[in-house]
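Chain letters run A, B, ... following the sequence lines, proteins first, then strands; residues in each count from 1.
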There are 2 protein chains.
Amino acid sequence: MANSADTADVSDTADSGAGSRAPDPKTRRRGAELEAAILDAAWAELSEHGYGRFTMEGVAARAGTSKPVLYRRWSSRAELALAAWDSRVPVDPDVPDTGSLRADLVALFERVARRTGVMVSEMIAGVMGDAFRHPEIVQVLRQRLMEPSSLTEAVGEVVSRAVARGELPPVRLPHRVARAPLDLVRNEFITCGGAVDSHVIGELVDEVYLPLLRGLDRDPSADPGTPSS
Amino acid sequence: MANSADTADVSDTADSGAGSRAPDPKTRRRGAELEAAILDAAWAELSEHGYGRFTMEGVAARAGTSKPVLYRRWSSRAELALAAWDSRVPVDPDVPDTGSLRADLVALFERVARRTGVMVSEMIAGVMGDAFRHPEIVQVLRQRLMEPSSLTEAVGEVVSRAVARGELPPVRLPHRVARAPLDLVRNEFITCGGAVDSHVIGELVDEVYLPLLRGLDRDPSADPGTPSS
DNA sequence: GCCCCTAAGATACGTTGCGTTTCTTATCCA
DNA sequence: TGGATAAGAAACGCAACGTATCTTAGGGGC
């Protein structure tokens, strides 16, 4: 699943441009195989057209199947989009360790910005827009946004290394703060649209996130000056 | 405009519940009068149904007019929604001055949370969702989100009073930080849905915004210890 | 190896809602 | 008072959602 995902991530999007959809008119796929093909197609449609032009017809055509097959699995457009997203969320790789807090943060933000994308933000917006009609979707979306995820752990890791290095005092890291990089990047996507380039990331880190970390309350449970190794 | 708006703000929403729309079948309104009636109706529809069920038909019916009249003024549903929003944005009142930074901030956040609303956040999402088809909308929305507004000024004011009181060192306040209260509240609406209650506001202030302010770089242009009065 | 039952695939349908077109008619202004 | 202007009404084309109906492939039980 993951490998086929990686393989197709953009190239699939590119090569199956317009005409050659139906991959194999002979055999009739079933179960997991079909489902994977549909999710691949859905992701490609999302990447190409964004959620605004993400249509069930388009996905069905691209996957070489038909709408009822989609609706037997997902009850709405929004659910299919979220499922496609799910199927492509990359496993978060290791936390960068550059030796300095700022560089670690920049690397982290850049990873978030790349992982999230214009498309994903637009999709969040679109799904939110559809959510009024399918209230059950809101739960799914919200959970996806709130889940602790490997990101918050990564932030914790980066911060504790900075503490160990003496770049920061021992701090208490509230969940909101650990989540903030994702929120900041998403907010940037929504309000500024285009790509979040490294200049913007620099501003986010220098103007907002580093000050925030430096201003956090000290952790009373840590011995000041003796960070645990 | 403003008074008729206030009058209708919720009560109109309530009383014109289902049947009695057309306010006056005799006279044919024109120009500004008609426009105001349409915007009132649009705002009421937005408040009642949210953007997801905000339809041109609904607005036209409620305003006692017809779709072409709407399209002669606004080129799309999204534009009408934004115009309705515009027509209701309250003039930001004065900055609270409670004597303490934290209380000032809580008051400010609460005002932002009340001014923004679930509806407005959902609307932002919905407009974003429509934006792919009407790219010109993105500009309008973005400008609305980015504009310095009285909020950033209010933040500046609150902060400089705190500096004068000695609660903060003289700090340089980047635009991103001044904008942050709005971003934080909006983000909260999007990710957590329901109302942003005072408990959440307390967390935002205590866990995020106060630490952020305390961690800001000092303003090199200010004499430390001698804040200008 | 045969048959049946599940589910895939195709087609067509009903519905909603956008944005448009056409036409009639009221109201303002010269 | 008459003509330009814009309101109001009705209907249309179109896209896309979500559904219903039907045929048929193919896997699994016997």
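B:E203 pairs by the salt bridge (Lys or Arg N to Asp or Glu O under 4.0 Å) definition with A:R176, not counting sequence neighbours. Scanning for side chain to side chain donor-acceptor pair (under 3.5 Å) contacts around B:E207 gives an empty result, with sequence neighbours left out. The side chain to side chain donor-acceptor pair (under 3.5 Å) test applied to B:E79 returns B:S75, not counting sequence neighbours. Taking the side chain to side chain contact (heavy atoms under 4.5 Å, CB included) definition, one finds that B:A83 meets it with B:L39, B:W74, sequence neighbours left out. Residues satisfying the salt bridge (Lys or Arg N to Asp or Glu O under 4.0 Å) criterion with B:E110, sequence neighbours excluded, are absent altogether. Taking A:E157 as the reference, A:R161 meet the salt bridge (Lys or Arg N to Asp or Glu O under 4.0 Å) condition, with sequence neighbours excluded. The side chain to side chain contact (heavy atoms under 4.5 Å, CB included) check on A:R102 picks up A:S100, A:V106, A:V205, A:D206, A:L210, with sequence neighbours excluded.
Of the residues listed (A:V155, A:V158, A:L173), the one engaging A:L213 in a side chain to side chain contact (heavy atoms under 4.5 Å, CB included) is A:L173, and it is the only one.
Across the protein-nucleic acid pair, A:E79 atom CD and D:dG18 atom C1' stand 13 Å apart, rounded to whole Å. B:E33 places its CD atom 16 Å from the P atom of D:dA6, with the value rounded to the nearest Å. Atom-to-atom, CZ of A:R53 to C1' of D:dA15 comes out at 12 Å; the value is rounded to the nearest Å. Atom-to-atom, NZ of A:K67 to P of D:dT21 comes out at 16 Å; the value is rounded to the nearest Å. The distance between atom CG of B:L80 and atom P of C:dC18, rounded to the nearest whole Å, is 10 Å. Computed from coordinates, the B:Y51 OH to C:dG17 P distance equals 13 Å when rounded to whole Å. The distance from atom CD of A:E35 to atom C1' of C:dA7 is 13 Å, rounded to the nearest whole Å. If you measure from atom CE of A:M56 to atom P of D:dG18, you get 6 Å, rounded to the nearest angstrom.
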Please tabulate the protein-to-nucleotide N/O contacts below 3.5 Å involving nucleotides 28-30 of chain C, giving atom names and distances.
none

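Near DNA chain C, meaning a heavy atom under 4.0 Å from it, residues 70-78 of chain B has B:Y71, B:S76, B:R77 in order of number.
Comparing A:P68 and A:F54 along DNA chain D, the residue whose closest nucleotide (by nearest heavy atom) sits nearer the 5' end is A:F54.
Interatomic distance, OG of A:S66 versus CE of A:M56, reported as 11.0 Å (0.5 Å rounding).
The side chain of A:T55 places no N or O atom within less than 4.0 Å of a non-bridging phosphate oxygen (OP1 or OP2) of D:dA16. In this model, the phosphate group of C:dA10 is not approached by any side-chain N or O of A:S66 to a distance below 4.0 Å at OP1 or OP2.
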